[in-house]
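Working notes for the structure below.
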2 protein chains.
Amino acid sequence: MRLVIARCSVDYVGRLTAHLPMAPRLILIKADGSVSIHCDDRAFKPLNWMNPPCKIREDDGTWTVTHSKTGEKLILTMDEIMHDSKHELGVDPGLQKDGVEAHLQELLAEHITTLGAGYTLVRREYMTAIGPVDILCRDQSGATVAVEIKRRGEIDGVEQLTRYLELLNRDPLLAPVRGVFAAQEIKPQAKVLAMDRGIDCVTLDYDGLRGIEPENPTLF
Amino acid sequence: MRLVIARCSVDYVGRLTAHLPMAPRLILIKADGSVSIHCDDRAFKPLNWMNPPCKIREDDGTWTVTHSKTGEKLILTMDEIMHDSKHELGVDPGLQKDGVEAHLQELLAEHITTLGAGYTLVRREYMTAIGPVDILCRDQSGATVAVEIKRRGEIDGVEQLTRYLELLNRDPLLAPVRGVFAAQEIKPQAKVLAMDRGIDCVTLDYDGLRGIEPENPTLF
DNA sequence: GTATTTATTTCGTGC
DNA sequence: GCACGAAGTAAATAC
C-alpha cells in the first residue's frame, strides 16, 4: 500500500466524464492495483477512483491510470507531493458478518409460527423459473403461503412477491397461494400496495427472533 | 487527515455485528470525523468504517469509536503502530460530473425522432400521481407515448413504466398510451418482460446522441 | 423532513 | 461468465 499526499487535479474519462480542480488530497494505491483519491470529508467514499486491473504510468508530473479491460482513464496532474510512503500489509483474513437478510430468513424459518399458530415450513429458497421464493410454508388450514423477506420492506419487494405469487398460482398442486411480506420495517407505500393485492404484512423483531431481549443494555 | 498503519483487530456492533482478526491495516481518520479501516485489496471499499458524527477515544491499546447518534461502536485493539502521520488538506472544491441519466433524458428530448420519424415531444418529467414520466411524446400518428429512461434497463424499470401506463391509460384525453423503455443497455429479462407487456425497447447510443462519433479514438 | 431514485453503485451468489 | 438480489448501501433529488 502506497500513501501519497499531494496537490493534484484529476480527470476521469470512462463510464462518465469528471473533473477535480487542483487541491491537496490523499492518493491511495493498494496492492490490488486500485487507485483512489480522497479528500478530508465524504467519510469513506473517495472523490474518484479506478478499480483493478489497471496500469499506472508516472510521467513527469502526470500520472495516468488506465483500466486494462475497459480503457477507462484517470489522469492526475501532480503539483506538489507532500508525503509518499509505502507499507507492506499482506493478505487480510477478512470480515465476518452477522445480522443480514440471510440470517432473518434462517430465524424466521426456525420460528415459522411467528406468522401464525399451526404454520409449517415447506422449504427455504424454493426455486421457481423466475427466482427463489424466500420461504414457502403452509398455514393451519394447509394452504400454501409464499413469504418474501426484506430487512426494509419497500415497493420493489411487493412487486417481486407479486410475480412469484402469479407464477406459483399457475401450479395446480400449490394453488391457491397466499403471500406474506415480512420485514423489520415496512414503508407505508409498500404496505398500501401489499394490502391492495391481498398480501399480508408482518413486521419482524430481529432481536426477539434471535432470543435476545431487545432491552439488553450490553449491545450498543 | 490522519493516516495510521497498525496491526489491529476490530469489532463493530451496530446495524450488524462484525469482527476483523488481528492483521496489519490502514486506519484513515478524516477531518469530518469518519474512521475507515482498509486492507490492501477490495479497491476503495474499506473493511469496516464509522460515519460521522462520531467520537474517538484512545485508551491504552484500545480505540473506541462511538457514533454520536445511533450509538454504533467500532472497537480497535491496537497491537503495533507502524506509521502515524497528520496532514492538513483543507476543504475540497469537489467533483464535477457529466454523463448520467438526467443528461440522457435531455439528449433524448432534444432528439426525440431517435424513437421514430415524426415523433414530437409533449414534455419531459410529465407529472402523475405516482411520479414523473421521464418523457411524454406523440408518434407520427398522434398517439401518446410514455418513455422511461434508464442508463441500464432492468426489470424494475419495466415495472415502473407499467405502473405509469396503467395510470395514463385511465385518462381519456391521453389514452391509448404506448410505452417505450429506453436505455443504454437493456437486460434480457427486462426485454422479455417489456415485450410481454407490449412495451417497445430502444437502446440509446449516448455518444451518438451527444453528437460525438462513437469511433472517436480520443475518448478512452 | 420524508420518500424516491440513482450509483463510475459495489458485492455476493447461483446457474 | 452472466444475471439477479442485497448493501451497515450512500447520495441526490423530488415532494
Side-chain angles (χ1 to χ4, degrees), chain A residues 10 12-18 34-37 41-52 54 67 70 72-74 94-95 97-105 125 127-134 148-157 159-160 163-164 183-184 187-190 192 220, chain B residues 12-18 34 36 41-52 67 70 72-74 94-95 97-105 125 127-132 134 148-152 154-157 160 163 183-193 220:
Chain A
V10 184
Y12 168 71
V13 182
R15 284 180 266 188
L16 55 71
T17 318
S34 65
V35 178
S36 45
I37 294 137
D41 54 19
R42 289 158 177 78
F44 69 77
K45 185 103 197 269
L47 286 161
N48 220 325
W49 69 91
M50 185 68 79
N51 287 334
C54 62
H67 195 275
T70 62
E72 290 166 281
K73 264 186 184 151
L74 203 59
L95 187 72
K97 284 184 185 183
D98 177 29
V100 282
E101 187 195 309
H103 203 204
L104 266 180
Q105 192 191 104
E125 302 285 347
M127 275 309 299
T128 73
I130 57 171
V133 177
D134 286 339
E148 176 65 35
I149 299 169
K150 295 284 178 207
R151 204 173 59 77
R152 279 160 50 196
E154 295 175 31
I155 217 158
D156 285 1
E159 296 286 12
Q160 193 182 340
R163 288 197 295 274
Y164 289 139
Q184 280 189 280
K187 292 288 170 73
Q189 296 217 351
V192 170
F220 282 47
Chain B
Y12 167 70
V13 182
R15 285 181 265 189
L16 54 70
T17 319
S34 65
S36 46
D41 54 19
R42 290 157 176 78
F44 69 77
K45 187 105 196 270
L47 286 162
N48 220 326
W49 69 92
M50 185 67 78
N51 288 333
H67 194 275
T70 63
E72 291 166 281
K73 265 185 184 150
L74 203 58
L95 188 72
K97 285 183 184 182
D98 179 27
V100 281
E101 188 194 308
H103 203 203
L104 267 181
Q105 192 193 102
E125 302 285 346
M127 274 310 298
T128 72
I130 56 171
D134 286 339
E148 177 64 35
I149 300 169
K150 294 284 176 208
R151 203 173 61 75
R152 279 163 50 198
E154 295 176 33
I155 217 157
D156 284 2
Q160 192 183 343
R163 288 197 295 273
Q184 278 189 283
E185 177 203 346
I186 301 178
K187 293 288 168 74
Q189 296 217 351
K191 211 171 278 191
V192 170
L193 183 63
F220 283 45

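Residue numbering restarts at 1 for every chain, and letters A, B, ... go by the order of the sequence lines.
Contact annotation: the side chain of A:N48 approaches that of A:L74 to within less than 4.5 Å [non-hydrogen atoms, C-beta and beyond]. For the pair B:R15/A:R151, no side-chain contact is recorded, criterion being any heavy-atom separation below 4.5 Å from C-beta on. Looking at B:L16 and A:H103, their side chains never come closer than 4.5 Å, going by heavy atoms from C-beta outward.
Applying the side chain to side chain contact (heavy atoms under 4.5 Å, CB included) rule to A:A183 yields the partners A:K150, A:I186; only residues at least two apart in sequence or on another chain are considered.
Among the heavy atoms of the strands lying under 4.0 Å from B:Y12 is at least one base atom, whether or not backbone atoms are also near.
One atom, CZ of A:R151, and another, C1' of D:dT9, lie 8 Å apart when rounded to the nearest Å. Protein atom CD of A:Q189 is 8 Å distant from nucleotide atom P of C:dA3, rounded to whole Å. To the nearest angstrom, C1' of D:dA7 lies 10 Å from CZ of B:R15. Between B:D134 atom CG and D:dA14 atom P there is a gap of 12 Å when expressed in whole angstrom units. Following rounding to the nearest Å, A:L16 (CG) and C:dT9 (C1') show an atom-to-atom distance of 11 Å. Here the P atom of nucleotide D:dA6 and the CD1 atom of B:I155 are 13 Å apart, to the nearest Å. A:W49 places its CH2 atom 9 Å from the C1' atom of C:dT10, with the value rounded to the nearest Å. Spacing between atom CG of B:L47 and atom P of C:dG12 amounts to 11 Å, rounded to whole angstrom units.
The phosphate of C:dT5 (OP1 or OP2) has a side-chain N or O of B:Q160 nearer than 4.0 angstrom. Between B:K45 and C:dC11, a side-chain N or O to OP1/OP2 separation shorter than 4.0 Å is absent. Contact check, A:N51 against C:dT10: a side-chain N or O comes under 4.0 Å of OP1 or OP2. A close approach under 4.0 Å does occur between a side-chain nitrogen or oxygen of B:K150 and OP1 or OP2 of C:dT6.
For A:R163 and B:L74, each mapped to the nucleotide of DNA chain D holding its nearest heavy atom, the one lying further toward the 5' end belongs to A:R163. Summary of the strand contacts: A:M127 and B:R42 both lie near DNA chain C, and taking for each the nucleotide with the nearest heavy atom, the more 5' one is attributed to B:R42.
To the nearest 0.5 Å, the span separating CD1 on A:I37 from CE on A:M50 amounts to 9.0 Å. Going from atom NZ of A:K187 over to atom CG of A:D156 covers 11.0 Å, rounded to the nearest 0.5 Å. Going from atom NZ of A:K45 over to atom NZ of B:K45 covers 11.5 Å, rounded to the nearest 0.5 Å.
When the C1' atom is used for both D:dG8 and C:dG14, the distance is 24 Å, rounded to whole Å. With P as the reference atom, C:dC11 and D:dA11 are 16 Å apart, rounded to whole Å.
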Dot-bracket encoding per residue of DNA chain C, Watson-Crick/G-U cut-off under 3.5 Å, | denoting interstrand: |||||||.|||||||
